[in-house]
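Presented below is the structure to which this report refers.
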Amino acid sequence: MTSKFDVSVAKGLLEQTPANVLVVNLFEGVKIPAGATGAIDIALDGLISKFVIEKEGFDGKFGSMYVLPTYGKIFAEKVLVVGLGRNKDFTLNRLREISQKVVKKCMKMNNAKKVISVLHGAGIGGFDPQVAAQMITEGAMIGAYSFDKYKTEKTQKKVEDFIIVDMVEENCKKAKAGVKKGKLIASAVNFARDLSNEQPAYTTPTKLAEIAQSLNGIDVRVYEKDEIEKMGMGAFLAVSKGSSQPPKFIHMRYKNDKAQRKIAIIGKGICFDSGGLDLKPPSSMLNMKDDMSAAGAVLAVMGVLKELKPNCEVHGIIAACENMPGCSAYKPGDILVAKNGKTIEVDNTDAEGRLTLADALCYACELGVDEVIDVATLTGACVVALGNTVSGIMGNCQSMIDKLIKCGNAGGEKLWQMPMFEDYRDSLKSDIADMKNTGSRMGGTQIAALFLQNFVKKVHWAHIDIAGTAYLDKKGATGASVRTLLNYLLS
Ligand code: BES
Ligand code: MN
Ligand code: ZN
């Protein structure tokens, strides 16, 4: 949680602004720095060019860093020179990444409470000051994040103020707008990370419903168990049966008078996935508090819409429950009736996400929306196929998939399309019901998507599998899909 950390913009001269650390940059191969870094080099009597570059051989490779003391030559105590890599390879994603690395580096320093920085990328980099400032802000806030709520001794060193300093009034004005947008986006990412990093005893279905009800400018309807039953959500309800935590079906709505299209975003909300009666082995269960990461992402996205004002109506939908092996748990062999009347033979109780999504998809399709996007930590197969840095995407509308991939990339989130060939469907065949909930282990990601498609009717639909990207060993929750969804809604 990053409550104390703040990013801002100040007009002024870098060399005359007091700070613990001043961040300047260097493109790869540059021997004599120009622009803001050049001005600092001169103020430091050529320390950067004659010592750091010439003597120490600092080459400006992407992500390389050099810290030097200033001994009172300028108002900042230390200068951090960061390498931006080759100018021709410089992108906005690289800029965000650099900013993240810079803050992480400062968090390892003894005293770096106040950090000031040049507006990287806006000079020789050639980017618009507003967009550059947005990337710097996103990177800094995502980099400064740590989840230390349960540490009784907070040992993590903090950066408290990160200030972009520029002497041109016009640049500052644009940068301020970029910082504002960057802050909203990064706070949504970090909000989603908090929810996914939380212990499962905290993020219960009831808690997710409470959080939905507390969001700024969002209408919320929470359906209780008896109402879920009345709506005919037999698949979702079955998954929830083994737990003492009651299920919650959460429907959030963002309205906009100028809305040109209606979009539903659905987030898988399994607050803990033990596997159910098909119990997971301990090592696979370990991180399964993260099985509500997509729900956290949807909550986070809904929470900033009032301020980001996309010109579309957005429905956020979460079917929240736990998947537990209780004495009333659903069983392999049970036959479930989904909201659209289709019957499902339970083959494996650990394929629970698709059952909850089935009913959520039916519900979303009945809202009269143009597009439905579901996001889910759905299959281990996706982790095997794409690893921890790339999410899988599938759907019934290629232009929507293409656009989501583009919006993801713009936010620094990688997506890769998996095929939905009909061949895969065979393995879902059941002898006694319309389908089984699992098929072959091979091609499991695509099979899961084909299963979901049975519950999609008359809408453009895309499905994003974030099983590999939502939660990383040691690093914890990433907020995966928040930036993809926000960029998509804002496009
Ligand atoms: N939540 C898991 C998928 C998952 C696996 C997420 C690893 C994050 C990391 C999902 O509910 C699940 O258990 N899927 C099974 C499906 C199988 C039984 C067909 C899987 O992928 O093993
Ligand atoms: Mn499961
Ligand atoms: Zn799951």
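Whatever order the structure lists ligands and atoms in, that order sets their numbers, starting from 1.
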When you measure from atom 15 (C) of ligand 1 to every protein heavy atom, which one gives the shortest distance, and what is it?
-> Asp350 O, 4.0 Å
Asp291: which N/O/S atom is nearest the Zn ion (ligand 3)?
-> OD2
Pairing of Glu371 and Lys262 as salt bridge, 4.0 angstrom limit = no
Ligand 1 versus Met292, non-hydrogen atoms closer than 4.0 Å: side chain, backbone, both, neither?
-> neither
Taking only heavy atoms of Thr377, which atoms of ligand 1 are found under 4.0 Å from at least one of them?
-> 1 (N), 2 (C), 3 (C), 6 (C)
Numbered in order shown, the ligand 1 atoms found under 4.0 Å of a heavy atom of Lys268 are 1 (N), 10 (C), 11 (O)
side-chain hydrogen bond (donor to acceptor under 3.5 Å, both in side chains) partner of Glu138, the single match among Lys181, Arg96, Gln100 | Arg96
Atom 20 (C) of ligand 1: which protein heavy atom is closest, and how many Å away?
-> Gly380 N, 3.8 Å
Angle subtended at the Mn ion (ligand 2) by Asp273 OD2 and Glu352 OE1, to the nearest 10 degrees, is 100°
Ligand 1 atoms in contact with Lys280 (distance to a heavy atom under 4.0 Å) = 12 (C), 13 (O)
N/O/S atom of Asp350 under 2.8 Å from the Zn ion (ligand 3), yes or no?
-> no
Would you please classify the geometry between the Tyr363 ring and the Tyr223 ring as parallel, tilted or perpendicular, with 30° and 60° separating the classes?
-> perpendicular
Report yes if the side chains of His463 and Ile393 come closer than 4.5 Å at any heavy-atom pair, otherwise no.
-> no
What atom name does the N, O or S atom of Glu352 nearest to the Zn ion (ligand 3) carry?
-> OE2
NZ/NE/NH1/NH2 to OD/OE distance under 4.0 Å, Asp148 and Lys158 | yes
When the ring planes of Phe451 and Phe455 are compared, do they come out parallel, tilted or perpendicular, using 30° and 60° as the limits?
-> tilted
Subset of ligand 1 atoms that lie under 4.0 Å from at least one heavy atom of Met288 = 1 (N), 4 (C), 5 (C), 6 (C), 7 (C), 8 (C), 9 (C)
Using a heavy-atom cut-off of under 4.0 Å, does the side chain or the backbone of Asn348 touch ligand 1, or both, or neither?
-> side chain
Between the side chains of Tyr471 and Asn388, does any donor sit under 3.5 Å from an acceptor?
-> no
Contact check: Ala351 to the Zn ion (ligand 3), N/O/S below 2.8 Å = no
Could you please spell out the steps behind the side-chain contact (heavy atoms from CB on, under 4.5 Å) verdict for Met292 and Leu195?
-> CA-CA 8 Å; Met292 40 57 68; Leu195 288 178; 3.9 Å; yes
NZ (Lys268) to the Zn ion (ligand 3) to OD2 (Asp273) angle, given to the nearest 10 degrees = 170°
If we ignore angles and hydrogens, is there a donor and acceptor under 3.5 Å between the side chains of Glu313 and Gln260?
-> no
Per-atom contacts, ligand 1 versus Glu352 - under 4.0 Å to a heavy atom | 11 (O)
Thr377 and Ser293: side-chain donor and acceptor closer than 3.5 Å?
-> no
His120 vs Val82 side-chain heavy atoms within contact, under 4.5 Å | yes
Heteroatom N/O/S of Asp350 within less than 2.8 Å of the Mn ion (ligand 2) | yes
Would you mind telling me if ligand 1 is within reach of the side chain of Leu378, the backbone, both or neither, using heavy atoms under 4.0 Å?
-> backbone
Any side-chain donor near an acceptor of the partner, Asn323 and Ser274, under 3.5 Å | no
So for Arg441 against ligand 1, with non-hydrogen atoms under 4.0 Å, the contacting part is neither
Check: Asp350 and Lys280 side chains under 4.5 Å, non-hydrogen atoms | yes
Among protein heavy atoms, which sits nearest to atom 19 (C) of ligand 1, and what does the distance come to when rounded to 0.1 Å?
-> Thr438 CG2, 3.4 Å
Please say whether Asp273 places an N or O atom under 3.5 Å from an N or O atom belonging to ligand 1.
-> yes
Please report which non-hydrogen protein atom sits nearest to atom 16 (C) of ligand 1, along with the residue it belongs to and the distance in Å to one decimal place.
-> Arg354 NH2, 3.9 Å
